[in-house]
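Position 1 is the first residue of the sequence, and the numbers go up from there. Atom set for the values below is all heavy atoms of this structure, side chains included, hydrogens, waters and symmetry mates excluded.
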Amino acid sequence: MTKNRGWVLVAGGSGIVDDWTLRESLDTGSGTVRWDRLGDPGGGPVVLLHGTPFSSYVWHEVAPALAAAGYRVHVWDMAGYGASGMHAGQDVSLGAQGRIFAGLLAHWGLQEPAVVAHDFGGCVALRAHLLHGARYRRLALIDPVALKPWGSPFFRLVGEHSQVFEQLPAALHEALVREYVSSASHLGLRPAALDALVGPWTGEEGQAAFYRQIAQADQRYTDEIQPLYPTIDLPVTVCWGTEDTWIPFARGRELAALIPGARLVPVPEAGHLVPLDVPARLTGELLMFLAS
């Protein structure tokens, strides 16, 4: 799949975005980050964060639905992901992403938005709030990476030998990424969705970036903030796919118990990729949370 760097958000009649692209950019200390927003400029701000090894495309059905409900929805690709810049020596760690996100909120002029974060995006949102002073009106965490220990055997193997995996022939690398991304879904990804998630990781630049982000994934970034979860003082909902094989549902119970007043919402028939497995069900839960 050819990477699409010319971004246009087009909402189809079904509420699904037909061409998921990001039109805006911001230069950061970790390279150029691509972003966009949709919906009524006067609507309440909602920011969506993706995880790894994904991109903002995971929100391509949820974002326009939230916008249609009257919210001003902001989306972005983390540094080194999706349509954002990728380069050798780039800092794409969770530490860097937390700082970048806090800077993005300032760039957007959002003082207290609602934030919805999936997977690694959960850690990014939590770090920005707990370590960098970002303020949220409310926070929804979707199968987040937030508690130790984390990282599958595959993830750890690749992280320890990233320079070896970078040398894989392109076809073998793409097959590996396709299988890995597919395993995050319980119901199975549509071919177009799988292509959109895998595409940024192909080619020489994308292949190196894929292993770079795994090599820099370090549990210390959640270890630093996990003791602070009991200090969180805002409405929090934790949505978790009951069929998640990447991070088991039991982690959702554990996380919700650590955050005062947090509500745990089981999401049936969903694996780790809740926004793509059951977008309508997740959107309904988010709309109720945002309006409460």
Side-chain angles (χ1 to χ4, degrees), residues 26 28-35 47-56 58-59 74-82 84-106 115-134 136 139-152 154-160 162 180-181 184 197 200-201 208-229 231-232 236 238 244 246-247 251-252 254-255 258-259 272-273 275:
L26 177 68
T28 74
S30 288
T32 300
V33 165
R34 303 288 299 189
W35 64 273
V47 184
L48 307 179
L49 289 82
H50 68 84
T52 184
F54 314 117
S55 68
S56 59
V58 300
W59 302 112
H74 295 68
V75 293
W76 65 295
D77 284 348
M78 292 192 293
Y81 290 74
S84 290
M86 303 174 177
H87 61 80
Q90 187 176 20
D91 184 359
V92 296
S93 68
L94 287 166
Q97 308 292 359
R99 292 190 297 272
I100 290 169
F101 182 51
L104 262 179
L105 293 177
V115 172
V116 180
H118 175 244
D119 185 77
F120 262 30
C123 178
V124 172
L126 287 165
R127 287 183 65 87
H129 176 62
L130 294 168
L131 301 182
H132 303 298
Y136 311 145
L139 173 63
L141 298 169
I142 318 298
D143 297 59
V145 173
L147 300 174
K148 63 181 179 182
W150 53 264
S152 66
F154 166 81
F155 199 85
R156 290 193 294 270
L157 175 67
V158 173
E160 293 167 2
S162 59
Y180 182 48
V181 170
L197 294 176
W201 303 122
F210 178 79
Y211 298 111
R212 182 182 306 120
Q213 52 92 18
I214 293 180
Q216 293 184 27
D218 193 319
Q219 186 178 291
R220 68 184 175 90
Y221 294 113
T222 53
D223 289 346
E224 288 174 355
I225 57 173
Q226 186 169 332
L228 302 177
Y229 296 163
T231 71
I232 295 174
V236 175
V238 179
D244 189 340
W246 281 24
I247 313 177
R251 288 298 178 83
E254 184 181 349
L255 178 61
L258 289 173
I259 300 174
H272 189 66
L273 271 173

Considering all heavy atoms, the nearest Ala125-Leu139 contact: CB-CD1, 4.3 Å
Pair Leu26-Trp76, side-chain contact (heavy atoms from CB on, under 4.5 Å): steps then yes or no: CA-CA 10 Å; Leu26 177 68; Trp76 65 295; over 6 Å; no
Intermediate values then yes/no, side-chain contact (heavy atoms from CB on, under 4.5 Å), Met78 and Val33: CA-CA 6 Å; Met78 292 192 293; Val33 165; over 6 Å; no
Gap separating the CH2 atom of Trp59 from the NE2 atom of His118, nearest 0.5 angstrom: 7.0 Å
Side-chain touch Tyr221/Gln216, heavy atoms, less than 4.5 angstrom: no
Any donor-acceptor N/O pair, Ser30 side chain to Asp91 backbone, under 3.5 Å: yes
Parallel, tilted or perpendicular, as decided by the 30° and 60° cut-offs, for the rings of Trp246 and Phe54: parallel
Test item: Trp201 side-chain N/O and Pro53 main-chain N/O as donor-acceptor pair under 3.5 Å: yes
Any donor-acceptor pair under 3.5 Å from His272 side chain to Ile247 backbone: no
Close side-chain approach of Val236 to Tyr136, heavy-atom, < 4.5 Å: no
Contact check, side chains of Leu126 and Ile232, non-hydrogen atoms, under 4.5 Å: yes
Residues Asp218, Leu94; criterion side-chain contact (heavy atoms from CB on, under 4.5 Å); working and verdict: CA-CA 8 Å; Asp218 193 319; Leu94 287 166; over 6 Å; no
Heavy-atom donor-acceptor pair, Glu224 side chain to Arg127 backbone, under 3.5 Å: no
Test item: Asp143 side-chain N/O and Asp119 main-chain N/O as donor-acceptor pair under 3.5 Å: no
Short side-chain to backbone donor-acceptor contact, Thr222 and Leu147, under 3.5 Å: no
Arg220 side, atom CZ; Gln226 side, atom CD - distance, nearest 0.5 Å: 15.5 Å
Side-chain heavy-atom pair Leu49, Phe120 within 4.5 angstrom cut-off: no
Any donor-acceptor pair under 3.5 Å from Arg212 side chain to His87 backbone: yes
Main-chain N/O of Tyr81 paired to Gln213 side chain as donor or acceptor, under 3.5 Å: no
